[in-house]
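Data first, discussion second: the structure below is written as structure tokens.
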2 protein chains.
Amino acid sequence: MRKKTIEDYVELVFDLQKNKKRVHTNDIASALNINPASVTEIFQKLNEASYVNYEKYTGVTLTKKGRKVAIATKKKHDALKEFLMLLGCEKKTAEVDACEMEHILHPSTMDIVLKFVEVVKQCKVTPFWLERLKEYVRTGELPKCPSELAEICLKYSKTKNKKNIL
Amino acid sequence: MRKKTIEDYVELVFDLQKNKKRVHTNDIASALNINPASVTEIFQKLNEASYVNYEKYTGVTLTKKGRKVAIATKKKHDALKEFLMLLGCEKKTAEVDACEMEHILHPSTMDIVLKFVEVVKQCKVTPFWLERLKEYVRTGELPKCPSELAEICLKYSKTKNKKNIL
DNA sequence: AATATAATTTAGGTATACCTAAAAATCTAT
DNA sequence: ATAGATTTTTAGGTATACCTAAATTATATT
């Protein structure tokens, strides 16, 4: 698996901190299936960089900086997951892929994803083109685009060069 | 930067092999800004795993297996790049992000991306909803959806629950 | 409060992906 | 064909993200 980033750890601390005040090495160790001794090292590093307040033998809490990073990362994660699910990904796959993508995408790409989700979600009915894509993914057969829909789309398109359209 | 995968190396060998029969340590080293000595190690590893035929001092060529992986990776890369550009990413950003995504996405997600590109590309005019998204990304203002378009979309939507629509 | 149990840290180890410097092989120009 | 320049490899080093085993500290039971 990919090397874990600071964001990964901070986000995990954030999640675990909801149930208990302080997050202990064991919490992280069992969540990530690594040795508690390794988590001690991670805590020391996160502490160095001021993402957590670390006190020997008593675990960590997030600092303001850490919380900020965690929330930002979660936001990205949720948007990406929703984005993938809108496109037809299964929930589980979307979860996993979002977790990878949240660390690598350029901010401007992330912005597009956010806006994509926003725009599609403010449509209270699944847009036709999305249904069409999903059906294609599901069945392997791309449904025809009704000609009256195509014509209207063409009419409102700015880059006019009449052909078929979603 | 992310740890380079076997796919990264194999793809690069594939690209470099177009101009010259054999790919040498120096070719990879200067492409990736790493030391030629490191490339020797990489060549040995790729050779072990049968992605390349490696002969000391004379560089490598791809094996059948290596070529297969390279082509599959390139296909993913190109589809992802196009996908991102269709959504409004700049070419350079799309290139970089595609390069990261190609290694991490679940095959089923990759399939959706491929189909997305295919569906949008067979529209010979940019679909209205995509133009709308792009304008939103560019300007921060989401254009209104013309009511006659919304109505038609609603008519053809399968999950009926009338509201505004792309 | 003392002690047994559990959690945490320390110390030292492994694997890997890079590095540098020097040795070895290959290429080039005469 | 060979000397000099270039490329490649080898040998040994660094950094890091993990590990195990043993030592230390905290917690829980009586």
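Residue numbers start from 1 in every chain, and the chains themselves are labelled A, B, ... in the order their sequence lines are given, proteins ahead of strands. Both backbone and side-chain heavy atoms feed into the values below; hydrogens, waters and symmetry mates do not.
- Note: OH (A/Y57) to P (D/dA23) measures 13 Å, nearest angstrom.
- For DNA chain C, the contact window with chain B, defined by any atom under 4.0 Å from a protein heavy atom, covers C/dA17 to C/dT26 in 5' to 3' order.
- Summarising the geometry of B/H24 relative to B/T58, their closest heavy-atom pair is CE1-O, 3.5 Å, with the distance given to 0.1 Å.
- B/D27 comes within contact range of no nucleotide atom at all, as no heavy-atom separation falls under 4.0 Å.
- In this structure, NZ of B/K45 is placed 16 Å from P of D/dT9, rounded to the nearest angstrom.
- A residue-by-residue look at B/I42 and B/H24 shows that B/I42 has its nearest nucleotide of DNA chain C further toward the 5' end.
- At the heavy-atom level, B/N26 lies under 4.0 Å from the strands shown only through sugar-phosphate atoms.
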With a 3.5 Å cut-off and sequence neighbours excluded, list the donor-acceptor pairs that the side chains of residues 78-96 of chain A form with protein atoms.
from, atom 1, to, atom 2, distance (Å)
A/K81, NZ, A/E95, OE1, 2.8
A/E82, OE2, A/K121, NZ, 3.4
A/E95, OE2, A/H77, NE2, 3.0

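- Between A/D27 and A/K20 the shortest side-chain heavy-atom distance falls below 4.5 Å.
- The side chain of B/Q44 contributes an N or O atom lying less than 4.0 Å from OP1 or OP2 of D/dT10.
- Heavy atoms of B/S38 sit under 4.0 angstrom from at least one base atom.
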Task: B/L142 and A/Q122: CA distance, side-chain angles, deciding distance, side chain to side chain contact (heavy atoms under 4.5 Å, CB included) verdict - done: CA-CA 11 Å; B/L142 181 60; A/Q122 61 95 60; 4.1 Å; yes
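- In terms of heavy atoms, B/I112 sits closest to A/L133 at O-CD1, 4.5 Å.
- Counted by atom type alone, B/T5 and B/D8 present one or more donor-acceptor pairs between their side chains at under 3.5 Å.
- Residue B/T25 places at least one side-chain N or O closer than 4.0 Å to OP1 or OP2 of D/dT8.
- Among the heavy atoms of the strands lying under 4.0 Å from B/Y54 are primed sugar atoms or P, OP1, OP2 only; no base atom is included.
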